[in-house]
K.L.:
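Before anything else, here's the structure in question.
Chain letters run A, B, ... following the sequence lines, proteins first and then strands; every chain starts at 1.
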2 protein chains.
Amino acid sequence: MTILRSPRLADGTARGIPDATVARLPVYLRALNALTEQGVGSCSSIELAEKAGVNPAKLRKDLSYLGSYGTRGVGYDVEYLRYQIAREMGQTQDWEVVIVGIGNLGSALSAYQGFSTRGIRVAALVDADPQRVGSTVSGLTVSSLDDLDAIVADRSISIGVIATPGDAAQQVADRLVAAGVTSILNFAPALVQVPDGVDVRKVDLSVELQILAYHEQRKTGTDSKEPKVSNA
Amino acid sequence: MTILRSPRLADGTARGIPDATVARLPVYLRALNALTEQGVGSCSSIELAEKAGVNPAKLRKDLSYLGSYGTRGVGYDVEYLRYQIAREMGQTQDWEVVIVGIGNLGSALSAYQGFSTRGIRVAALVDADPQRVGSTVSGLTVSSLDDLDAIVADRSISIGVIATPGDAAQQVADRLVAAGVTSILNFAPALVQVPDGVDVRKVDLSVELQILAYHEQRKTGTDSKEPKVSNA
DNA sequence: AAGAGTTTGTGAACGCGTTAACAAAATCGA
DNA sequence: TCGATTTTGTTAACGCGTTCACAAACTCTT
Ligand SMILES: NC(=O)c1ccc[n+]([C@@H]2O[C@H](COP(=O)([O-])OP(=O)(O)OC[C@H]3O[C@@H](n4cnc5c(N)ncnc54)[C@H](O)[C@@H]3O)[C@@H](O)[C@H]2O)c1
Ligand SMILES: NC(=O)c1ccc[n+]([C@@H]2O[C@H](COP(=O)([O-])OP(=O)(O)OC[C@H]3O[C@@H](n4cnc5c(N)ncnc54)[C@H](O)[C@@H]3O)[C@@H](O)[C@H]2O)c1
């Protein structure tokens, strides 16, 4: 499979933003929101980069993929830049999400208020357990897995979250895809196969801790100073 | 700051495994565990790579950083390789973790049984809310933030999880570091600054969904076929 | 014992992401 | 108006990660 990212369209609009940049744009948005709350109207790339925890050159490079929204010698208008990034990220609309598997993690996600300000709305909850179906979690009624098709179609939901045990993950993914979902966030420790056209992202919290444990072992094992933020 | 990763030590032991490889080793471990459960005693790089969802060449390259644990013409002994990776990852011991902020997410993490098989043990729970302190969550008593120093010292805990609201994250990180924690997993949507020698990893679930939303927007916006697993 | 077949381990090429460095473009003061 | 100053947008170099491709090393058959 040849993956080529069209760098620039005929109309000159910048398209095909690198994955690494897309992953940082929400961080810039968060920093810009914080600046707005502080009443800051404009800022330089250095200031914004510091707030976002990235290199200023990287920030400018990232923003350059969207267009030229700053003013040389001046900096960026906070509100204007915030809007441009939000638009690029599709955050001018709310994206409705269905969570499948309303156990410990699914319930926590359902209760989270922080999604709404990021353009995410938890629109429906689904579980296979008859005991949970019909109950109310964070103001939403838990529906049966059998109603998934109707729920997704009704609300034209395109994003699904898998918070079931690992051995149910593939089966749930299949049901989500069949219902019309084209993006999946998978919390289960299992690979899910999906057809072309469907995006899957996986979050594995065990792996995060295991990576930290690895570095811990190296710290205690040797006295070589090699510490750093080990995230990206 | 010059970060140079010592490629190979005097004793010939492979050291300084690339970050990208470290992040995949737990995935290989999981695949190997699954093979063991299925009674499979040995496997090729192709089989294991398929189970782990990676390119076979990448798998072999990753394993080559640990040493030469396969047999040409044959493949890998599942149990032997599993042990070697586990040893490299520091999974021959259990790593004790303290969770700070026992709200929705912290409680879900506390209840999670899947950590134990990955060498992670949730050893202590801490919260600032007097109403929560003293209560029992998943069999553990929630302690006060004031007792953090004693808890970390007593159990020689080196890993901390921040599951508090964002505006408390820095303060909690400072307390963790002061108590002696040298690795932090941060779920709060905030940057935390830590001194050299302390590792921080950040997990931002909003960002994960925002990235999916971005790709969704591009799917509907244009009819250009550019779908793929957008994770790493 | 030798050749055919298999699969690992790795050198080398390639591509993406990061960062430094600087020209272009704006403001400001004289 | 012009030069000094500031800061963006972008080019180019660099480094890391991925992938190909193949020699090395092992098994199996004859
Ligand atoms: N809880 C955590 O902190 C945590 C941490 C890391 C990973 N995870 C992973 O996240 C997932 C969920 O974890 P959890 O702790 O919430 O588990 P849980 O057991 O509390 O909840 C799982 C839920 O999924 C439902 N379910 C099972 N099969 C289903 C199906 N086929 N269709 C729909 N629903 C189904 C169950 O009824 C249950 O409500 C698991 O895969 C787990 O490994 C959780
Ligand atoms: N719940 C989710 O699904 C979810 C999703 C994405 C991000 N997050 C992030 O994870 C964090 C926790 O989320 P949550 O939903 O569990 O929040 P929550 O409000 O349910 O729980 C927060 C807990 O932290 C405690 N706390 C507050 N200040 C503290 C301090 N200084 N020291 C110790 N404890 C303190 C509170 O008493 C509370 O028990 C937040 O930063 C949130 O943004 C959560």
K.L.:
At under 4.0 Å, does any side-chain N or O of B:Arg24 touch on OP1 or OP2 of D:dT18?
P.N.:
yes
K.L.:
Test salt bridge (charged side-chain N to carboxylate O under 4.0 Å, His left out) on A:Arg30 and B:Asp204; report intermediate values, then the result.
P.N.:
CA-CA 12 Å; A:Arg30 180 122 48 196; B:Asp204 196 319; 2.4 Å; yes
K.L.:
Rounding to a whole Å, what distance do you find between A:Tyr69:OH and D:dG9:C1'?
P.N.:
14 Å
K.L.:
Name every residue in residues 70-77 of chain A that has at least one heavy atom under 4.0 Å from any atom of DNA chain C, in order of residue number, or write none if there are no such residues.
P.N.:
A:Thr71, A:Arg72, A:Val74
K.L.:
Of the candidate nucleotides D:dT8, C:dG9, C:dT18, which contains the atom at the shortest distance from the side chain of B:Ser68?
P.N.:
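Comparing D:dT8, C:dG9, C:dT18 against the side chain of B:Ser68, the answer is C:dG9.
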K.L.:
Could you tell me if A:Gln193 and A:Gln170 have a donor-acceptor pair between their side chains, going purely by distance under 3.5 Å?
P.N.:
no
K.L.:
How many Å lie between NZ on A:Lys61 and P on D:dA12, as a whole number?
P.N.:
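Value for this atom pair: 10 Å.
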K.L.:
Verify the distance criterion only: is there a donor paired with an acceptor across the side chains of B:Arg60 and B:Ser45 at less than 3.5 Å?
P.N.:
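Yes, because at least one side-chain N or O of B:Arg60 sits under 3.5 Å from a partner of the opposite role on B:Ser45.
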K.L.:
Donor-acceptor pair, distance only, cut-off 3.5 Å: does the side chain of A:Lys219 make one with the backbone of B:Gly197?
P.N.:
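At least one qualifying donor-acceptor pair exists.
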K.L.:
Nearest whole angstrom, please: distance from the C1' of D:dT19 to the CG of B:Asp62.
P.N.:
12 Å
K.L.:
Between A:Thr21 (side chain only) and A:Ile17 (backbone N and O only), is there a donor and an acceptor less than 3.5 Å apart?
P.N.:
no
K.L.:
Starting at atom CZ of A:Arg60, determine the distance to atom P of D:dT6, rounded to an integer number of angstrom.
P.N.:
15 Å
K.L.:
Determine: side-chain N/O of B:Asn55 to OP1/OP2 of D:dG17, distance under 4.0 Å, yes or no.
P.N.:
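Indeed not, no polar side-chain atom of B:Asn55 lies that close.
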K.L.:
What is the distance from CG of A:Leu63 to P of D:dG9, rounded to the nearest Å?
P.N.:
7 Å
K.L.:
So, A:Asp62 and A:Tyr28: side-chain donor and acceptor under 3.5 Å apart, yes or no?
P.N.:
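Looking only at side-chain atoms, A:Tyr28 and A:Asp62 do form a donor-acceptor pair, the distance falling under 3.5 Å.
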K.L.:
Checking the side chain of A:Thr71 only, and the main-chain atoms of A:Val74 only, is there a donor and an acceptor separated by less than 3.5 Å?
P.N.:
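No; judged by distance alone, with no hydrogens or angles, the pair does not exist.
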K.L.:
Take atom CD1 of B:Ile17 and atom C1' of D:dC16, then tell me their distance rounded to the nearest Å.
P.N.:
16 Å
K.L.:
Separation of A:Leu59 atom CG from D:dG9 atom P, in whole Å?
P.N.:
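To the nearest whole Å, that distance equals 10 Å.
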K.L.:
For the pair made of NZ in B:Lys58 and C1' in D:dT18, what is the distance, rounded to whole Å?
P.N.:
6 Å
K.L.:
Any side-chain N or O of B:Ser45 below 4.0 angstrom from OP1/OP2 of C:dT8?
P.N.:
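Yes.
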K.L.:
Within the 4.0 Å heavy-atom criterion, would you say A:Ala20 contacts the bases, only the backbone, or no part of the nucleic acid?
P.N.:
sugar-phosphate
